[in-house]
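Accompanying notes for the structure given below.
Predicted, not measured: the structure shown is a model, and the values here were computed from it. Per chain, numbering begins at 1; letters A, B, ... match sequence-line order.
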Amino acid sequence: MRSIADVVGASGLSGYAIVALVLFFIAFVAVLASVLAPSRSSFYERVGQMPLDDLTPQTPRER
Amino acid sequence: MNARLDSFSYDDDIVRKFLFATIIFGLVGMLVGLIVALQLANPAFNVSPILTFGRLRPLHTNAVVFAFAGNAWFCGAYYSTQRLLKTRMWSDSLSRFHFWGWQAIIVAAAITLPLGFTQAKEYAELEWPIDIAIAVVWVAFAINYFATLAKRRERHIYVAIWFFIASIITVAVLHIFNNLSIPVGPLKSYSIYAGVQDAFMQWWYGHNAVAFFLTTPFLGLMYYFMPKAAERPVFSYKLSILHFWSLVFLYIWAGPHHLHYTALPDWASTLGMVFSVMLIAPSWGGMINGLLTLRGAWHKVTEEPVLKFFVLAVTAYGMSTFEGPMLSIKSINGLAHYTDWVIAHVHTGALGWNGFLTFGMIYWLAPRLFQAPLHSKKLAETHFWVSTFGILLYVASIYSAGITQGLMWRAFDETGRLQFPDFIETTMRLMPMYWVRVAGGTLYIIGTIIFIYNIVMTWKKRPAAYEVPVVTAAPLSALPAPQHAKSGGLLAMTWHRKWEAMPLFFSVMVALCIVVASLFEIIPTFLIKSNVPSIASVKPYTPLELEGRDVYIREGCFNCHSQMIRPFRFETERYGDYSKPGESVYDHPFLWGSRRIGPDLAREGGKYPALWHVRHMENPRSLSPKSIMPTYPGLLSNTINFDGIQKKVDAMAMLGVPYGDAVNKAPAMAREQAAAIAADVLKNGGPAGLGDKEITALVAYLERLGTDIKKPAGVALAPSVPKAGGN
């Protein structure tokens, strides 16, 4: 009787690791591009201040 | 827009509790580290059977990782999370349950590890009841944390909290899956995985324990406390986003680099290497982001000890995360693996990154938590310089030791034979460096004692009752995310801005990220049969050998002896044929080891007569005068619990080990084999009466190691299915 290991082993997954590598590299590049693309820097400047103020929300509900 | 304002206060009592636990267990963990360093420099420091190197080494690592660094993380997380979310923790009771539960686990570890109760997996040594307790405490922490996120008054979730979220989720996944085991007693279990699969799971866990317990939580602390101390925002918030996701994406793959040139399939090893090398980018991005937070404030570093500690911590992070990827490159790993080089690498991270970040954080927190000025800034400066010098001595000596021994192991003379065939010769060369390490570690601990004195004196100046400031802020609206996050394209990152305000979805994405990455590696390792070709002559251990294996595990022999010969000529010349994946298919758990303080034992069977092993265990220096191995005279008097062996064999059978007849008569089989070994020892002039002593079980196990493959039919069978390739 063939086990699941036999079936998976015979299913030709030799490129599996490379596919994973490529997928994750694409995801990495996408995040990189997004981060470096121009956007509303004022928002990030404001949230970057969050550790400096323990008392006042920087992004409360009304904003 | 008018809004109702809530009044609330932060729970700093829990922060103070974790602060004290951090400094107490930090000192304990470091002192145990000093003891094991002394034991390597002189075996006379192995003063008791329960205080030998093999038993104390895991106590040191567990104390430093989970007690010192763990409590430091929780201390900083409870302080920063409440303030970043503008809310008190959801449940004070769960916070206290987390604190007391975690300390109880640490105490349980401190008792059970010296008593020899261990799963034999690095950083996952604790036995199954403690593992269950860890899971329960962790769930309580997670519930409290995510419920706090749900009731926050700050829409945006700051990047430090992303790191905490990722750590909480990933540690849970790692802990559960690596510790799956079958109990065979109140404090004894066998891993459900065996051999290659167990090794893979362990180092998937082991590497990511470093990543998600010692790195990501501390990055969260860095992103909160560095701006606090510098009094300016993080250099680039965008860079922190990139840092976060790329770390989470990449780290989870890197574990297999701990198993280069072992019986792990080559494709997995290569995959681990590639992702490890890629890790340089986010790691250095994070380091740069941390250091550049001090832009325009570098003058403060000369005045503020807190910033000095932070700068050195982040620099050590940069050094470790450069070195880690280098060590993952196969050719470099071939030299460094099993040597002290890896120990030096770990201590650059632990002493520099984790230690100094913790010290800096506590120096910053203490005046605020105790509402009194720091007792002495000068003492803090002294601490910094004493401990920094200690780190330098430690790592410089141990790097030298690692490279020296690695080069000596692989040296051939002009006739083509090993230049240093006697392993002990390579060990003796390290002794001066081991003493320098003791000096470096002592300096680091002296610095820590100064630190503790300074903090305690600050605490003594606290007011009679702490002032509890009341904060007012509006609750978050149940309305959808604010307008600024509703529009924009892919590159404008509005999609990510929405995630940043949705903790549950954010957490799901993190979980998905680490689970998918893990499955990409785990599924082929477990399910492609050709990865572990079976060997017809490899049979299960006899009941007595299994008992002996448990003695080997109890004494922590795997902390000093590997059982994995790599396919290098300098290894096969010294130890014998290289190790095959099929040789450890019945090893629950695997015992390949990660450090060779003594020689590899994968082919130990048949090298020496039984009496040699008896004499060697009783006093190694009677046979090898320069040996640094502890003595184990107790093994010659401790009695084997023959009746308990049946349960162990049955558990192995349940895990799929083909035990056949032994399932019904394990004790009788064990007694018979023990009597034969005892008779052989007596015949050769050894002590009488060893037939029921633990030493016979251990001898049986050692004599079996690596012998199966030499028997007839000891050839790798062709895989039962066509080879899928890629390995």
Provide the closest heavy-atom pair for [X] versus [Y] in the form atom of the first, atom of the second, distance.
X: P233(B); Y: G48(A); result: CB-O, 3.3 Å
X: V471(B); Y: L55(A); result: CG1-O, 3.5 Å
X: E154(B); Y: M50(A); result: CG-CE, 3.2 Å

Against chain A, label [X] side chain, backbone, both or neither, depending on which of its atoms sit under 4.5 Å from a heavy atom there.
X: M278(B); result: side chain
X: Y79(B); result: side chain
X: E231(B); result: backbone
X: T270(B); result: neither

Looking at R232(B), R83(B), H156(B), which has the largest count of heavy-atom pairs under 4.5 Å with chain A?
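Between R232(B), R83(B), H156(B), the count favours H156(B).
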
Pick whichever of A281(B), S246(B), S236(B) has the most heavy-atom pairs under 4.5 Å with chain A.
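Answer, by heavy-atom pair count under 4.5 Å with chain A: S246(B).
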
With a 4.0 Å cut-off, would you call K86(B) and D53(A) a salt bridge?
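So K86(B) does not pair with D53(A) through a salt bridge.
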
Not counting sequence neighbours, which residues clear side-chain hydrogen bond (donor to acceptor under 3.5 Å, both in side chains) with T293(B)? List them please.
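So T293(B) forms no side-chain hydrogen bond (donor to acceptor under 3.5 Å, both in side chains) with any residue.
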
Are D54(A) and K228(B) close enough that some pair of their side-chain heavy atoms sits under 4.5 Å apart?
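Yes; the side chains approach each other to less than 4.5 Å.
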
Name all residues meeting the ring-ring contact (aromatic ring centres under 6.0 Å, His included) criterion together with Y223(B); count only those two or more places apart in sequence or in a different chain, and write none if there are none.
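Counting only residues at least two positions away or on another chain, Y223(B) forms a ring-ring contact (aromatic ring centres under 6.0 Å, His included) with F163(B), H243(B).
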
